[in-house]
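A short worksheet on the structure shown next.
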Amino acid sequence: MVRGAQKQMIVVKTQDSAVFEEAYFVVRRNAVAGRMDMIAEANKIIEACGIGGKVKRKLDIKLFMIALGTFVGGGAIGAIIVAMLNLMAQ
């Protein structure tokens with residue numbers, strides 16, 4: 001039996017989910033935040049896990065730029081090869 005242990009907890013209830021009814025978050029002892037900050041942080045954690053009701057995926061710009069660069073670079077190399085083959089054929 002544990003005596004003298006007291007924890008604060010935030011309960012997030014949802015009506016949108018077909019899987020979860022409630023989520024429980026145990027607050028750290030050294031947490032210095034207001035109630036609304038804690039609720040916002042709990043919602044952020046839920047959304048990051050991909051179990052929130054309205055999760056939007058962000059476009060990863062770095063990955064997009066790499067893919068675009070690869071596509072353009074491949075096209076340029078292909079054009080150079082075709083041009084070289086045309087010069088050799090003449």
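Keep in mind that the numbers below use all heavy atoms, side chains included, and drop hydrogens, waters and symmetry copies. Source: prediction; values computed, not measured.
Not counting sequence neighbours, Glu21 has no partner by the salt bridge (Lys or Arg N to Asp or Glu O under 4.0 Å) test. Here Tyr24 pairs with Met9, Val11, Glu22 under the side chain to side chain contact (heavy atoms under 4.5 Å, CB included) rule; sequence neighbours left out. With sequence neighbours excluded, the residues that form a side chain to side chain contact (heavy atoms under 4.5 Å, CB included) with Ile61 are Phe64, Met65.
As a member of the Ile/Leu/Val/Met/Phe/Trp/Tyr network built from side-chain separations under 4.5 Å, Ile80 groups with Met84. Applying the under-4.5 Å side-chain rule to Ile, Leu, Val, Met, Phe, Trp and Tyr, the cluster around Ile77 extends to Ile81, Leu85.
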